[in-house]
Enquirer: 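Okay, handing you the structure first.
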Amino acid sequence: MKKLKKRSKVLLIILGILVIAFFAVKSIHVKEIEVSNIDLNILEDGIYKGSHDSTLVKVRVSVEVENHTIKTIVIDEHQTGLGKKAEAMTEKIIEKQSLQVDGITGATVSSNTIKKAIEDALSKDQQ
């Protein structure tokens, strides 16, 4: 009987910890990331480096520009939880030559952070 009470207490404590952890994670607020488009006509050929840290996701990129066109986007670093699939979005950006592309479903924060890192790269002076 004592073992049953002890197990019940342990289970209640574990359940309580899980409930607290759930609400703690739900309460993390990631501010909205606004991404502006870049005028590629003003960029010279070269490789541009940028980064963005949105608390839950951190991204560093290298963007190659040639003849006012994005040729390649390399994700040098992507610290994320489940947003690894957002890296495929770089192909859409190259195809459309624009940051105004839809993010990857289920990887919204990573998608926006990648776009913001690319914006950061292309908004800076050439590296």
Side-chain angles (χ1 to χ4, degrees):
M1 198 63 150
K2 286 185 179 184
K3 279 187 175 184
L4 184 59
K5 284 185 178 182
K6 189 173 184 176
R7 283 186 183 171
S8 295
K9 285 181 183 180
V10 170
L11 287 174
L12 283 174
I13 291 170
I14 291 171
L15 181 61
I17 290 170
L18 289 174
V19 168
I20 290 169
F22 173 79
F23 285 109
V25 168
K26 285 295 235 178
S27 69
I28 294 175
H29 178 70
V30 177
K31 66 180 182 179
E32 185 150 340
I33 301 170
E34 293 186 31
V35 178
S36 302
N37 215 6
I38 300 296
D39 183 3
L40 296 172
N41 292 318
I42 63 172
L43 295 176
E44 296 192 22
D45 291 358
I47 296 176
Y48 297 80
K49 294 186 178 285
S51 63
H52 189 71
D53 186 344
S54 62
T55 307
L56 296 176
V57 178
K58 181 179 179 181
V59 175
R60 283 186 312 108
V61 296
S62 299
V63 183
E64 180 183 10
V65 174
E66 185 180 299
N67 295 323
H68 308 290
T69 305
I70 298 172
K71 289 294 182 188
T72 61
I73 300 170
V74 175
I75 298 180
D76 300 315
E77 177 184 10
H78 185 193
Q79 295 178 6
T80 182
L82 302 173
K84 189 85 171 153
K85 61 185 174 180
E87 293 179 8
M89 186 184 55
T90 58
E91 295 302 319
K92 289 184 191 179
I93 292 170
I94 293 170
E95 181 182 314
K96 290 193 173 189
Q97 293 295 303
S98 172
L99 296 176
Q100 305 306 312
V101 298
D102 291 337
I104 303 297
T105 302
T108 305
V109 176
S110 281
S111 296
N112 291 337
T113 304
I114 290 169
K115 289 193 281 186
K116 194 67 176 177
I118 295 167
E119 176 192 49
D120 178 59
L122 299 178
S123 297
K124 293 180 178 178
D125 292 333
Q126 186 175 347
Q127 304 293 309

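Numbers here are sequence positions counted from 1. Not measured: the values here are computed from a predicted model.
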Enquirer: Let me see the working for N112 and I114 under side-chain contact (heavy atoms from CB on, under 4.5 Å), right down to the final yes or no.
Expert: CA-CA 5 Å; N112 291 337; I114 290 169; over 6 Å; no
Enquirer: Would the distance check show the side chain of H68 and the main-chain N or O of N41 forming a donor-acceptor pair, the cut-off being under 3.5 Å?
Expert: yes
Enquirer: I want to check something: taking the side chain as every heavy atom from C-beta on, are K115 and V101 in contact at a cut-off of under 4.5 Å?
Expert: yes
Enquirer: Decide whether V65 and V74 are clustered together by the hydrophobic rule: side chain heavy atoms of Ile, Leu, Val, Met, Phe, Trp, Tyr closer than 4.5 Å, transitively.
Expert: no
Enquirer: Can you establish whether the number of heavy atoms outside Q100 located under 6.0 Å from its atom CD is more than 12?
Expert: yes
Enquirer: Looking only at heavy atoms, what is the nearest atom pair of G83 and A107, with distance?
Expert: CA-CB, 3.8 Å
Enquirer: Using 4.0 Å as the upper bound for N to carboxylate O, is an ion pair formed by E95 and K92?
Expert: no
Enquirer: Would you say the side chain of I75 lies within less than 4.5 Å of the side chain of T90, judging by non-hydrogen atoms?
Expert: yes
Enquirer: Using a 4.5 Å cut-off on heavy atoms from C-beta on, say whether the side chain of S51 contacts that of D120.
Expert: yes
Enquirer: Closer than 3.5 angstrom, by distance alone: can the side chain of K116 be matched with the main-chain N or O of E34 as a donor-acceptor pair?
Expert: yes
Enquirer: Taking salt bridge (Lys or Arg N to Asp or Glu O under 4.0 Å) as the test, write out the residues that go with E91, two or more places apart.
Expert: none
Enquirer: Heavy atoms, side chains only, cut-off 4.5 Å: are H78 and V57 in contact?
Expert: yes
Enquirer: Rounded to the nearest 0.5 Å, how far does CD of E64 lie from CG of D45?
Expert: 8.5 Å
Enquirer: Quick one: pull up OG in S62 and CD1 in I118 and give me the separation to the nearest 0.5 Å.
Expert: 10.5 Å
Enquirer: Which atoms form the tightest heavy-atom contact between I104 and S111, and what is the distance?
Expert: N-OG, 2.9 Å
Enquirer: Look up atom NZ in K71 and atom CD1 in I94, then write down how far apart they are to the nearest 0.5 Å.
Expert: 10.0 Å
Enquirer: Taking the side chain as C-beta and beyond, is there a heavy-atom pair between S54 and V109 under 4.5 Å?
Expert: yes
Enquirer: First locate atom CE of M89, then atom CG of L99, and finally report the distance between them rounded to the nearest 0.5 Å.
Expert: 8.5 Å
Enquirer: Kindly give the heavy-atom pair with the smallest separation between A121 and V63, and that separation in Å.
Expert: CB-CG2, 4.1 Å
Enquirer: So, do E119 and S36 sit near enough that their side-chain heavy atoms are less than 4.5 Å apart?
Expert: yes
Enquirer: Distance check, rounded to the nearest 0.5 Å: L18 atom CG versus I13 atom CD1?
Expert: 12.0 Å
Enquirer: Check whether any side-chain heavy atom of I38 sits under 4.5 Å from a side-chain heavy atom of S123, and report yes or no.
Expert: yes
Enquirer: Under 4.5 Å between side-chain heavy atoms, chaining through other members, with only Ile, Leu, Val, Met, Phe, Trp and Tyr counted: pull out the rest of the cluster around L11, sorted by chain and number.
Expert: none
Enquirer: Looking at D102, I'd like to know if its CG atom is crowded, meaning that more than 12 non-hydrogen atoms belonging to other residues, nucleotides or ligands lie closer than 6.0 Å.
Expert: no
Enquirer: When rounded to the nearest 0.5 angstrom, what distance separates OG1 in T72 from CD in E66?
Expert: 9.5 Å
Enquirer: Answer yes or no: is there a side-chain heavy-atom contact under 4.5 Å between Y48 and L43?
Expert: yes
Enquirer: Given S98, which of L40, N37, I70 fulfils the side-chain contact (heavy atoms from CB on, under 4.5 Å) condition?
Expert: N37
